Amino acid sequence: MSTWAQSKYTDRLELAIAIVRETGAHTMRLFQSDKLSIERKGDSTPVTNADRGAEELMRQRLEAECPGDAIVGEEFEDKPGTSGYAWYLDPIDGTQSFIRGVPLFGTMAGLEHDGNPVAGIIFMPALGEIIYAAEGSGAWWATGLSSNSTLEPRRALVSKVRHLEEATVSATSTQYSNSSVVEQVALKAGLARGWGDCYGHYLV
């Protein structure tokens with residue numbers, strides 16, 4: 001991964017990339033599997049044995065490599081830290097897609113330093129795609145990944161689209177927004193599609 005600029009966050013970013021890829025491989029073993037078990041949380045949203053097992057894996061790896069870092073996840077209690085670094089974990093963003101066999105879910109990790117966001121990774125394990133960025137290192141994207149393939153990133157660039165009429169609008173669900181506003185924007189856009197959950201954020 002020498003093609004991208006090194007920074008003071010490089011070691012943690014490389015660690016996070018390795019962890020999300022390992023976690024993604026773990027979730028794929030339960031994706032579309034009859035071994036997947038689904039429960040409902042107190043807010044009625046689903047959680048699976050894949051979510052919990054994946055977050056446990058991420059936490060174990062981070063605690064072993066960065067014991068002083070704080071960890072905040074979805075399924076377990078927050079772990080306080082002493083280093084000034086804090087990790088934010090979502091082992092399966094798009095659980096609704098995951099449990100329905102739709103491959104548009106991702107494994108995500110974000111990193112803060114002294115309260116400022118400094119790095120982030122989204123890995124789409126069913127698609128074999130990853131995008132990541134860190135302060136001072138730029139944003140990078142790679143595709144065609146298997147569980148142990150070499151990462152060969154390309155620079156991730158902002159779209160050159162300048163007008164709404166040429167843009168694509170994507171929404172997970174109108175239940176989270178003003179449906180009339182979404183409809184008005186979608187009607188003026190070049191394309192409207194329902195790529196939801198993590199994948200819509202990934203495309204941005």
Side-chain angles (χ1 to χ4, degrees), residues 1-10 12-21 23-24 27-28 31 74 87-98 100-113 116-147 149-204:
M1 290 183 284
S2 59
T3 56
W4 47 281
Q6 306 292 293
S7 75
K8 64 181 179 180
Y9 306 113
T10 295
R12 279 180 169 80
L13 178 60
E14 291 185 342
L15 172 64
I17 291 169
I19 289 173
V20 298
R21 293 185 67 185
T23 304
T27 62
M28 286 304 295
F31 181 57
E74 285 203 359
W87 294 95
Y88 293 84
L89 310 178
D90 193 345
I92 301 180
D93 185 274
T95 300
Q96 296 281 14
S97 291
F98 185 87
R100 289 167 172 81
V102 178
L104 304 181
F105 61 91
T107 299
M108 307 199 313
L111 179 65
E112 280 185 351
H113 185 222
N116 298 308
V118 295
I121 305 98
I122 301 177
F123 178 44
M124 309 293 292
L127 304 182
E129 299 186 19
I130 192 169
I131 192 164
Y132 55 89
E135 185 179 297
S137 296
W140 300 86
W141 168 61
T143 62
L145 299 179
S146 61
S147 59
S149 60
T150 301
L151 191 66
E152 298 180 359
R154 292 170 279 174
R155 188 176 290 277
L157 302 175
V158 175
S159 168
K160 294 180 180 180
V161 171
R162 295 179 179 275
H163 305 287
L164 180 59
E165 293 78 10
E166 302 169 0
T168 299
V169 172
S170 174
T172 297
S173 173
T174 55
Q175 75 184 87
Y176 302 120
S177 59
N178 186 318
S179 59
S180 63
V181 172
V182 172
E183 183 179 3
Q184 290 175 38
V185 172
L187 288 172
K188 293 179 180 179
L191 181 69
R193 287 292 183 268
W195 301 312
D197 297 318
C198 184
Y199 192 62
H201 301 295
Y202 170 84
L203 291 177
V204 172

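What you see is a predicted model, and the numbers here were worked out from it, not measured in a lab.
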Are L13 and I121 side-chain neighbours, meaning at least one heavy-atom pair lies under 4.5 Å? yes
Which heavy atom in M124 sits nearest to a heavy atom in C198, and how many Å separate them? SD-SG, 3.8 Å
Of all heavy-atom pairs linking R21 and S149, the shortest is NH2-O, 2.9 Å
P153 and A142 have their tightest heavy-atom pair at CA-CB, 4.0 Å
Considering all heavy atoms, the nearest T10-S137 contact: OG1-OG, 4.3 Å
Extract all donor-acceptor atom pairs below 3.5 Å that involve side chains of residues 100-110 and protein atoms in other chains or at least two apart in sequence.
residue, atom, partner, partner atom, Å
R100, NH1, Q96, O, 3.1
R100, NH1, Q96, OE1, 2.6
T107, OG1, P91, O, 2.9

Could you measure the distance from the CD atom of E152 to the OG1 atom of T143? Nearest 0.5 Å is fine. 9.5 Å
Are the side chains of R155 and W141 in contact, using a 4.5 Å heavy-atom criterion? no
Are any non-hydrogen side-chain atoms of S159 and E166 less than 4.5 angstrom apart? no
Side chain to side chain contact (heavy atoms under 4.5 Å, CB included) against E135, all qualifying residues, sequence neighbours excluded: Y9, V118
Could you list the residues that satisfy salt bridge (Lys or Arg N to Asp or Glu O under 4.0 Å) with E129, not counting sequence neighbours? none
Could you pull out the closest heavy-atom pair between I122 and Y202, with the gap in Å? CG2-CD1, 3.9 Å
Quick check: do Y132 and L151 have side-chain heavy atoms less than 4.5 Å from each other? yes
Closest approach of T27 to F98 (non-hydrogen atoms, all atoms of both residues): O-CZ, 3.5 Å
With rounding to the nearest 0.5 Å, note down the distance linking CG in L187 to CG in L164. 10.0 Å
Can you tell me how far apart CD1 (I131) and CZ (F123) are? Round to the nearest 0.5 Å. 13.5 Å
